[in-house]
Amino acid sequence: MTSQASRKIAQGALFIICMLLVLGAIDAALAQPFGMTRGAAQPEFGGFTGWVLAKQAEFYRMLSGTIRAAKADGSAAYTLMGISFAYGIFHAAGPGHGKAVISSYMVANNETWRRGVVLSFASAILQALTAILIVGIAAVLLGATAKVMGDTVRIIEIVSYLLIIAIGLRLLWVKGRAFLHLLRSRKQAQDHGRDHAHDHGRSHAHDHGHDHSHDHHHDHGHSHDHGHGHHGHDHDHGEEASAWGHAHALEPQELTGSHWLKRGLSAIFAVGLRPCSGAIIVLVFSLAQGLFWIGVGATFMMGLGTAITVAGIATLAVGARGLAGRLAKAKPGAGILVIRGLETGAAAVIILFGTLLLTGYMVSERLMVF
Amino acid sequence: MTASIRILLATLLTLVFALPACAHPHVWVTMKSEVLYSPDGKVTGVRHAWSFDDMFSAFATQGLAAKEKGKYTREELAPLAKVNIESLKEYDYFTYARVDGVKVPMADPTNDYWLDYKDQILTLHFTVPFKTPVKAKELAIDIYDPTIFVDFEFAKDNPVKLVGAPQCKLDVALPREMTFAEGKALSNIPADQVNTSMAWGAQFANKILVHCP
């Protein structure tokens, strides 16, 4: 492949990473309650976002009436479950860090879509459980006030954000190092290529059937091997993950196999710990109506709806990454660089999200204003 | 191929990340506001009466002690009102005033604030004074939550009053959201009381506009 093409791909990757960071920053700026634009013009929520916001607000507002109705008429409980489910779907499609963190995590770790679905459902169910536990223990058992619940959520929130940052840092360490390794070795390979341009042509012919493992790091320092690696595109290995999915020599065992769920637990907790404010309010409202268990059912339905949306978005992210992976396969050298860059960028985005959330520059959800 | 993937990725990532990172409203406030004037015609502040929606009212009163179950007196709600007023400070009481286009700083609320509880609805009454009373030819007061956690809407009837104002003309601009959420509110505002401005345009806020000669 030409160096021009590789430069283009590298530029593309850089573009994507920059965009991620810029979008993150815009997000933060928009969300900043009283930043530079204090009291100035409002951010406008048009188009898709506006629609999602309007929809979830609409469903949310229907909840209270339906809970009241369920008091007199038991069949309204079914309606309530339906509305809660719809609310969950729209709630997750709207602003929120959960799906962003999960998607970034999927991209950075090159997880399969099935794992994405599992992670999404697990975190959504955990989220429902935390809401139920907080209200169940604080309000039902202890008769605590809203303020106590708000403070509890605040503490959980901080833990959750710290966890997000920790996941991001760890990923950045692993993926960023792989990316830098690759950059360095590519440079060496290029230097080598310049010196022995005539060899390249021959290696093309010889490399057919060569094992793909040349793409990897275990040959660091042997710049001639990397030269081969660039032309190792003809292997027909079905499992992409082994081709460039993971961080190679850095963590051979941990990133593949059955450990993914254990590893994913951190992501599940990071995202699922913080309960949805809406769920807590709905639960307390149900409790006030003497229908706590109906509130519990509604909370689980919200979780189910949330899980479906998050799983959908995570699957999209995995699909996009897979597509990029296939492209990278076609253009081995620079392609892997793009993938590594993308993974590193995704890790950076997770850190960014965690930091903005922790410092309060980005507001996830507030439970207590009044 | 490269371009198409780049576009796909860009679309996806925009979808995931470009959404504003703030939640949808969890509190709905129906408000009535009064713009207060001193005898010499200066604006002194804004008196608010904010009614919370039934779900949030239930949430906020959770665990509060009451002599009679389900009924809260002003005294019983006093500690909660104090917390409300204190936490609102961080959000500038969601009240942003401009006099002749220049922002006017607000002071902390006066001590005559209270909460009442009627038909399971909690209403917060409080007054935000201007730091210094001003004569205002064009007064604009925005009431909104930039993080849209709280959704403010004017009450249907007589949402805004001028108290002790000289000969002034009052306009109330509703946020754009109202067009579909509460469009009816528009037609329900009595013509003699409020001249509803249709020119809210990009405004997201509830706006009180007072024009004095």
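Note on naming: letters A, B, ... go to the chains in the order of the sequence lines (proteins, then strands), and numbering restarts at 1 for each one.
Interface residue A:Val282: backbone and side-chain heavy atoms are both found under 4.5 Å from chain B. For A:Ala144, the part lying under 4.5 angstrom from a heavy atom of chain B is the backbone only. Looking at B:Gln120, only its side chain comes within 4.5 Å of chain A, counting heavy atoms on both sides. Neither the backbone nor the side chain of A:Glu58 comes within contact range of chain B, judged by heavy atoms closer than 4.5 Å. Looking at A:Leu283, neither its backbone nor its side chain comes within 4.5 Å of chain B, counting heavy atoms on both sides.
Partners of B:Asp54 under the side chain to side chain donor-acceptor pair (under 3.5 Å) rule, at least two apart in sequence or in another chain, are A:Ser64, A:Arg68.
Of the charged side-chain nitrogens involved, at least one lies within less than 4.0 Å of a carboxylate oxygen, so that A:Arg321 and A:Glu343 count as a salt-bridged pair.
Checked against a 6.0 Å centroid threshold, the rings of A:Tyr87 and A:Tyr60 count as neighbours.
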Throw together a table of side-chain donor-acceptor distances under 3.5 angstrom for residues 132-140 of chain B, partners on residues two or more places apart or in other chains.
unit_1   : atom_1 : unit_2   : atom_2 : d
B:Lys135 : NZ     : B:Asp40  : O      : 3.0
B:Glu138 : OE1    : B:His211 : ND1    : 3.4
B:Glu138 : OE2    : B:His211 : ND1    : 2.4

Mind running side-chain contact (heavy atoms from CB on, under 4.5 Å) on B:Tyr93 and B:Asp108 for me, showing each step along the way?
CA-CA 9 Å; B:Tyr93 312 99; B:Asp108 289 341; 3.1 Å; yes
